[in-house]
Amino acid sequence: MKYWLFKSEESVFNICDLLKSPKKTTCWEGVRNYQARNFLRDEIEKGDMVFFYHSNCETPGIAGTAVVTKEGYPDSYAWNDRSNYFDVKSNYKKPIWYMVDIRLKRKFKNIIPLSELRKQTKLKDMKILQKGSRLSVTPVAKEEWSFILTLKR
DNA sequence: GCCAACGTTGGC
DNA sequence: GCCAACGTTGGC
């Protein structure tokens, strides 16, 4: 089992939206970056654990955890021309983009703010904390995962 | 294949 | 709103 961090713009899809989703489950559509796509398509497995991260908001940080319930499959939003995630180059015969399904595991009482993560020496190598890091899907080390859980309040 | 220009991300 | 960092595009 592996660990991941998924970023979502809080105003677009946040952890309360996930909580309210049917079976607290959603497909993680709209990733349009090749490196992140490769993680979704090739590496993320059913049962992997996910930190749900809020970006682009007043307090960016980790809002909770989720579990992968379905492994990588073609992102059909890419061939829906009414979707924001439409990509003319992708089609169902030759899909470019992939998504997984996740189910909410736990919504933290308090968000673990990015500023708090930055203070932790043990997390200095975390992908999300690297300068200029923009990848929306990043691997999390097992040690990072368990350490971050101790930061909850 | 190089690289400048451009659009996007996302913290602050 | 600003702007640094990044990924993509496209001319050459």
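Throughout, protein chains are lettered first and strands after them, A, B, ... in sequence-line order, and every chain is numbered starting at 1.
Of the residues in residues 123-136 of chain A, those with a non-hydrogen atom less than 4.0 angstrom from any atom of DNA chain C are A/K131, A/G132, A/R134.
Bounding nucleotides for the chain A contact on DNA chain C, 5' to 3', at a heavy-atom distance below 4.0 Å, are C/dA5 to C/dT9.
Here salt bridge (charged side-chain N to carboxylate O under 4.0 Å, His left out) pairs that include residues 21-44 of chain A, with residues two or more places apart or in two chains, are A/K2-A/E43, A/R32-A/D75. Contacts classified as salt bridge (charged side-chain N to carboxylate O under 4.0 Å, His left out) and involving residues 127-143 of chain A (residues at least two apart or in different chains) are not found. Note on residues 115-139 of chain A: no pairs pass ring-ring contact (aromatic ring centres under 6.0 Å, His included), not counting sequence neighbours. Residue pairs meeting the ring-ring contact (aromatic ring centres under 6.0 Å, His included) criterion with at least one partner in residues 111-133 of chain A, sequence neighbours excluded, do not occur; the list is empty. Evaluation of the ring-ring contact (aromatic ring centres under 6.0 Å, His included) test over residues 36-74 of chain A, restricted to residues two or more places apart or in two chains, returns A/W4-A/F39, A/W28-A/F52, A/F51-A/W145, A/F52-A/H54.
The nearest heavy atom of DNA chain C to A/K89 and to A/N56 marks one nucleotide each, and the one closer to the 5' end goes with A/N56.
Scanning for side chain to side chain contact (heavy atoms under 4.5 Å, CB included) contacts around A/S83 gives A/Y77, A/N80, A/Y85, with sequence neighbours left out. Partners of A/F147 by ring-ring contact (aromatic ring centres under 6.0 Å, His included), not counting sequence neighbours: none found. Evaluation of the side chain to side chain contact (heavy atoms under 4.5 Å, CB included) rule for A/D17 yields A/F13, A/N14, A/K20 as partners, not counting sequence neighbours.
Nucleic acid contact class of A/R32 (heavy atoms, under 4.0 Å, all strands): none.
In this structure, A/Y92 and A/W79 have perpendicular ring planes: the angle between them is above 60°, well past the 30° mark.
Helix bend of the helix from B/dG1-C/dC12 to B/dC12-C/dG1: the angle between its two end axes, each built from five pairs, comes to 10° after rounding to 10°.
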N/O donor-acceptor pairs under 3.5 Å from side chains in residues 103-114 of chain A, not counting sequence neighbours:
none

